[in-house]
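Below is one structure, written out as structure tokens; the observations come after it.
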2 protein chains.
Amino acid sequence: MKGKEISSVENINSHIEEIENHAKIAVSVDCVIFGYDMEELKVLTIECNMDPYKGHPSLIGDLLDEGEDLDQAANRILKERTGIDNLYLEQIKTFGKVDRHPLGRVITVTYFALVKKADYNSNGMRPSPNSQWIALSQIEEMAFDHLTITNVALDTLRKKLLEYPIWMKLLPIDFSLPELQNLFENIIGKPLDKRNFRKKILSLDIIQESGKKQKDVPHRPANLYRVNQKKLKKEYSFLLKNPFHN
Amino acid sequence: MKGKEISSVENINSHIEEIENHAKIAVSVDCVIFGYDMEELKVLTIECNMDPYKGHPSLIGDLLDEGEDLDQAANRILKERTGIDNLYLEQIKTFGKVDRHPLGRVITVTYFALVKKADYNSNGMRPSPNSQWIALSQIEEMAFDHLTITNVALDTLRKKLLEYPIWMKLLPIDFSLPELQNLFENIIGKPLDKRNFRKKILSLDIIQESGKKQKDVPHRPANLYRVNQKKLKKEYSFLLKNPFHN
DNA sequence: ATTTGATTGTGTATTTTTTACACTAAGTAA
DNA sequence: TTACTTAGTGTAAAAAATACACAATCAAAT
């Protein structure tokens, strides 16, 4: 019995040693921050000041602190860079190629975040002077493996779009159906049929007319809708119905 | 011009320092190894010998080595534990809560792997004596946050099942439709209608009759099919058709 | 040889979802 | 008042999903 306990203590020590003596690695968190200005889908970037990528746009990120959860770090970075708390945030994937960073080994855990223009503009947030929103269609090269990361983020966003109405995180409270359709087209990358799109969205039964209309547009103003939070409660699947049946 | 170069060097040094001096963290890779013995979906576990989880089943994993890519590490671990190379492997998610490991901070990058029984049994592989396959339905508690990880893995597997025929990685070359249906039912967790299931699978047009039949079964033997690798080439989407239309 | 038991394999009708497609309505600007 | 621009609407056809029951084939037992 006592022998067992002693060996147990030895055991713990050996485990601690194993962790302590083992390779420790710098871990960063990088965020693909998507924003939608009612025209195009954009990504917030910062100019890289590190060779050999100097001048290229790079994602927003930082090294992970010792006592910091991953999600915490992502939230901290978003707060620092956009001034906004509680953005919609979702982990994408972790990139860990040994040579992915020119200055040493850094594993990066990536997230995507969704920002609506209103939030972004409202609270006097000043992103660092060399940061800028780049339209997805305009992104050609990025620092490090950030272009890959951005593509994976977009892919994740696309899939998620069909599972949960995260698109509301990119829109103001009141939005029109043409605006929503434009957002979808931006994310999916294809034009959609107006009537079929409306039919589908309305059949989801999660948005309702706000009673308001668009203002200051030089044409027929669209009706404005908003998400019905009550209907949103229940988990629902957009298209991923059970493919078979019991 | 020269000034610029110097400041650039300083810049690099400051960046290197930033990485070098920053918190470095132990990173592990944990694998949810799914296996299918033609009866149930199982997960390969090892008995945890670390308090306070001693005796609980734990996932197969190891700390990441200095010069090792994440995928490499996952493959190494699988090779070590199952003796098999080139298992189907996919990254799931990274778990990084500060207190997730009792002996210090360890961030874990998780993967799921798919093993067919034939591979597992064939090449004299000896999993460590205290490892065992546990049926998914029998898993009640696990060490660390491994139960959460297993659940996320299962969820990922379910979704992937509808996007790509990874189920073939869990089956022998020749398999019957009832066997495939049973596998689906195990993964999805619901019974499926036999006729509708067959109709759907056959409509995918990726499997073909092998001409063989089941042997040594005490009832009518089923026809055996195999995946037609040629038809598999092209990317295809199982169910995720474009929900709208241009 | 016949029967029993277990499981495989098959088809159709109904409902739901997706797709294709074009004109009128409501505003602003000239 | 007219021209311009974008919003908003419905229906028919095709495709996919669903519900559902019985005959066929083998092994094992009698």
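Order of the sequence lines sets the chain letters (A, B, ...), proteins ahead of strands, with each chain counted from 1. The shown structure was predicted, so the numbers you read here are calculated from the model rather than taken from an experiment. Just the heavy atoms: all of them, side chains too, but no hydrogens, waters or symmetry mates, feed the values below.
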Rounded to the Å, how far apart are A:E209 CD and D:dA7 P?
15 Å
Using the side-chain heavy atoms of A:H219, tell me which of these nucleotides is nearest: C:dG27, C:dG9, D:dT9.
C:dG27
If each of B:Y225 and A:K213 is mapped to the nucleotide of DNA chain C with the nearest heavy atom, which maps nearer the 5' terminus, i.e. the 5' end?
B:Y225
Nearest listed nucleotide, side chain of B:R220, among C:dG11, D:dA7, C:dG9
C:dG9
Separation of D:dC20 C1' from B:D193 CG (nearest whole Å)
8 Å
Would you confirm whether the ring centroid of B:F175 sits within less than 6.0 angstrom of the ring centroid of B:Y225?
no
Whole angstrom value for the distance that separates C1' of C:dT8 from CZ of B:F175:
16 Å
Whole-Å gap separating P (C:dT18) and CG (A:L192):
13 Å
Do any side-chain nitrogens or oxygens of B:K200 fall under 4.0 Å of OP1 or OP2 in D:dA17?
yes
Just the rounded figure in Å: distance from C1' of C:dT8 to CD of B:Q181.
11 Å
Decide whether A:T108 and A:D30 meet the rule of one side-chain donor and one side-chain acceptor closer than 3.5 Å.
yes
Using only atom types and a distance under 3.5 Å, with no angle test, would you say the side chain of B:N75 pairs donor to acceptor with the backbone of B:D71?
yes
Any A:R195 side-chain nitrogen or oxygen under 4.0 Å from OP1 or OP2 of C:dC21:
no
Where the side chain of B:P221 is defined as all heavy atoms beyond and including C-beta, which of D:dT25, C:dT19, D:dT18 is the nearest nucleotide?
D:dT25
Ignoring the backbone of A:R198, work out which of D:dC20, D:dA7, C:dC21 is nearest its side chain.
D:dA7
Return whichever of B:Q214 or B:K199 has its heavy-atom-nearest nucleotide of DNA chain C closer to the 5' end.
B:Q214
Please pick, from C:dT19, C:dA22, C:dG11, the nucleotide with the shortest atom-to-atom distance to any side-chain atom of A:K194.
C:dA22
Whole-Å gap separating C1' (C:dT7) and CG (B:D216)
16 Å
Separation of A:L180 atom CG from D:dG8 atom P, in whole Å?
12 Å
Between B:L202 (CG) and C:dG9 (C1'), how many Å, whole number?
11 Å
Where the side chain of B:A222 is concerned, which of D:dC26, C:dT8, C:dT28 is the nearest nucleotide?
C:dT8
Whether B:N223 contacts C:dG9 is assessed here as follows: a side-chain N or O lying under 4.0 Å from the phosphate OP1 or OP2. Is that the case?
yes
Main-chain N/O of A:D62 paired with A:S28 side-chain donor or acceptor, under 3.5 Å:
no
Contact check, side chains of B:L59 and B:Y111, non-hydrogen atoms, under 4.5 Å
no
